[in-house]
Amino acid sequence: MSRGYNRTVLMGNLARDPDVRFTPNKQKVARITVAIGRQWKNKVTGELQSHTDFVPVVAWGVSADICERYLKKGRPVLVEGRISVRDFDDVRTGQHRWVTEVVADNIVLLSSGRRDDEGQGGYQQQQSYGGQQQPSYGRAPQSDAMASPDLGSLRNESGFEDDFPLDFSELSGSDSSGDVEIPF
């Protein structure tokens, strides 16, 4: 039998709040649904059309804990994992059913850029691409795809002491060569 490759990356918004449960073996499992929108132009009419796919995702262990603590309906999220297809006999209806879902390896919290996300303080644990844990404090991490705020406006927010991030235009220096001396 040949070896295959099964990897998927999804980015979208949560369609509903996470459903977190425990297995009989006391393992935490979270089920989420990621809504992924797409748009295209109709070749015949020229109208802009859109469609949303709702993809079921299952997260286990620490990833399930992240879902339970920090995710809620409408929150943007990036999921890395693999596609899983399984079948079972439905006890209630007696029918044989097939289920296709994504089993999450990594769940990355994306900032929506809204002010209500900034109020979420505390400790968050995010998995990196290598599956190792990366702690982050304070707000949820911002995605590089989102618009970054003006760095000068961050000085008035909590967590920025000693005038950082440093604005190089404020440095005094008559050196006309363009070299700036960093004061640390």
Side-chain angles (χ1 to χ4, degrees), residues 1-40 50-93 95-149 159:
M1 179 184 224
S2 67
R3 184 174 174 178
Y5 185 77
N6 182 358
R7 196 79 183 144
T8 186
V9 178
L10 306 172
M11 188 172 73
N13 296 333
L14 253 58
R16 61 176 180 244
D17 289 340
D19 177 23
V20 180
R21 299 183 185 187
F22 286 90
T23 66
N25 296 342
K26 307 282 190 236
Q27 287 184 315
K28 187 181 275 190
V29 59
R31 294 188 181 279
I32 60 175
T33 302
V34 179
I36 305 164
R38 58 186 171 101
Q39 290 184 338
W40 69 94
S50 64
H51 178 75
T52 303
D53 293 315
F54 296 92
V55 180
V57 176
V58 177
W60 295 88
V62 176
S63 294
D65 194 39
I66 290 171
C67 291
E68 181 180 35
R69 288 184 185 181
Y70 302 110
L71 293 181
K72 62 182 179 178
K73 181 179 178 178
R75 181 80 192 254
V77 66
L78 183 130
V79 176
E80 291 182 307
R82 62 181 172 82
I83 296 173
S84 173
V85 179
R86 58 186 171 87
D87 63 326
F88 65 96
D89 291 322
D90 192 348
V91 177
R92 286 181 273 176
T93 63
Q95 293 180 338
H96 190 75
R97 296 192 178 255
W98 289 87
V99 176
T100 302
E101 58 196 2
V102 173
V103 178
D105 293 332
N106 292 324
I107 300 219
V108 180
L109 308 175
L110 301 177
S111 173
S112 65
R114 293 182 296 184
R115 289 302 220 181
D116 61 348
D117 284 343
E118 293 179 9
Q120 295 181 359
Y123 178 76
Q124 297 179 15
Q125 199 166 21
Q126 173 183 333
Q127 292 183 323
S128 69
Y129 292 108
Q132 296 179 355
Q133 307 292 326
Q134 291 182 342
S136 73
Y137 295 90
R139 289 181 258 150
Q142 273 194 332
S143 165
D144 291 337
M146 301 293 173
S148 61

Contact summary for Ile36 and Gly12, nearest pair of heavy atoms: CG1-CA, 4.4 Å
Does the distance from a Lys or Arg side-chain N to an Asp or Glu carboxylate O, for Asp90 and Arg97, drop under 4.0 Å? yes
Is the side chain of Asp105 donor-acceptor paired with the backbone N or O of Glu80 at a distance under 3.5 Å, no angle test? no
Can you see which heavy atom on Trp40 is nearest to which on Ser50, and at what distance? CZ3-C, 3.9 Å
Nearest heavy atoms of Ala59 and Ala64, plus distance in Å: O-CB, 3.4 Å
Using side-chain hydrogen bond (donor to acceptor under 3.5 Å, both in side chains) as the criterion, list what pairs up with Arg38, not counting sequence neighbours. none
Min side-chain heavy-atom separation Ile83-Thr100 under 4.5 Å: yes
Show, in sequence, the C-alpha distance, side-chain angles and deciding distance for Asp53 and His51, and conclude whether the side-chain contact (heavy atoms from CB on, under 4.5 Å) test is met. CA-CA 7 Å; Asp53 293 315; His51 178 75; 3.0 Å; yes
Before you tell me yes or no, could you show the steps for Val77 and Asn13 under side-chain contact (heavy atoms from CB on, under 4.5 Å), namely the whole-Å CA-CA distance, both residues' side-chain angles and the distance that decides it to 0.1 Å? CA-CA 6 Å; Val77 66; Asn13 296 333; over 6 Å; no
Of Ile32, Val58, Leu10, Val34, which meets side chain to side chain contact (heavy atoms under 4.5 Å, CB included) against Val102? Leu10
What pair of heavy atoms forms the shortest contact from Asp17 to Lys73, and how long is it? OD1-N, 2.7 Å
Any sub-3.5 Å donor-acceptor pair from Asn25's side-chain atoms to Gln27's backbone N or O? no
Would you check if Phe88 and His96 make a side-chain contact, meaning some heavy-atom pair closer than 4.5 Å? no
For side-chain contact (heavy atoms from CB on, under 4.5 Å), just list the numbers for Asp89 and Val91, CA-CA rounded to whole Å, side-chain angles, deciding distance to a tenth of an Å, and then say yes or no. CA-CA 6 Å; Asp89 291 322; Val91 177; over 6 Å; no
Test item: Glu101 and Val57 side chains (from C-beta on) under 4.5 Å apart, heavy atoms: no
Can you list everything that forms a side-chain hydrogen bond (donor to acceptor under 3.5 Å, both in side chains) with Asn6? Sequence neighbours excluded, please. none
Nearest 0.5 Å, please: how far is OG1 in Thr33 from CG in Leu14? 7.5 Å
Identify the heavy atoms of Pro18 and Cys67 that sit nearest to each other, and give their distance. CG-O, 3.4 Å
Sub-4.5 Å side-chain heavy-atom contact between Lys28 and Glu68: yes
Any chance you could lay out the side-chain contact (heavy atoms from CB on, under 4.5 Å) test for Leu71 and Leu109, step after step, and finish with the verdict? CA-CA 8 Å; Leu71 293 181; Leu109 308 175; 3.4 Å; yes
What I'd like to find out is whether the side chain of Trp60 reaches to under 4.5 Å of the side chain of Asp65, using heavy atoms alone. no
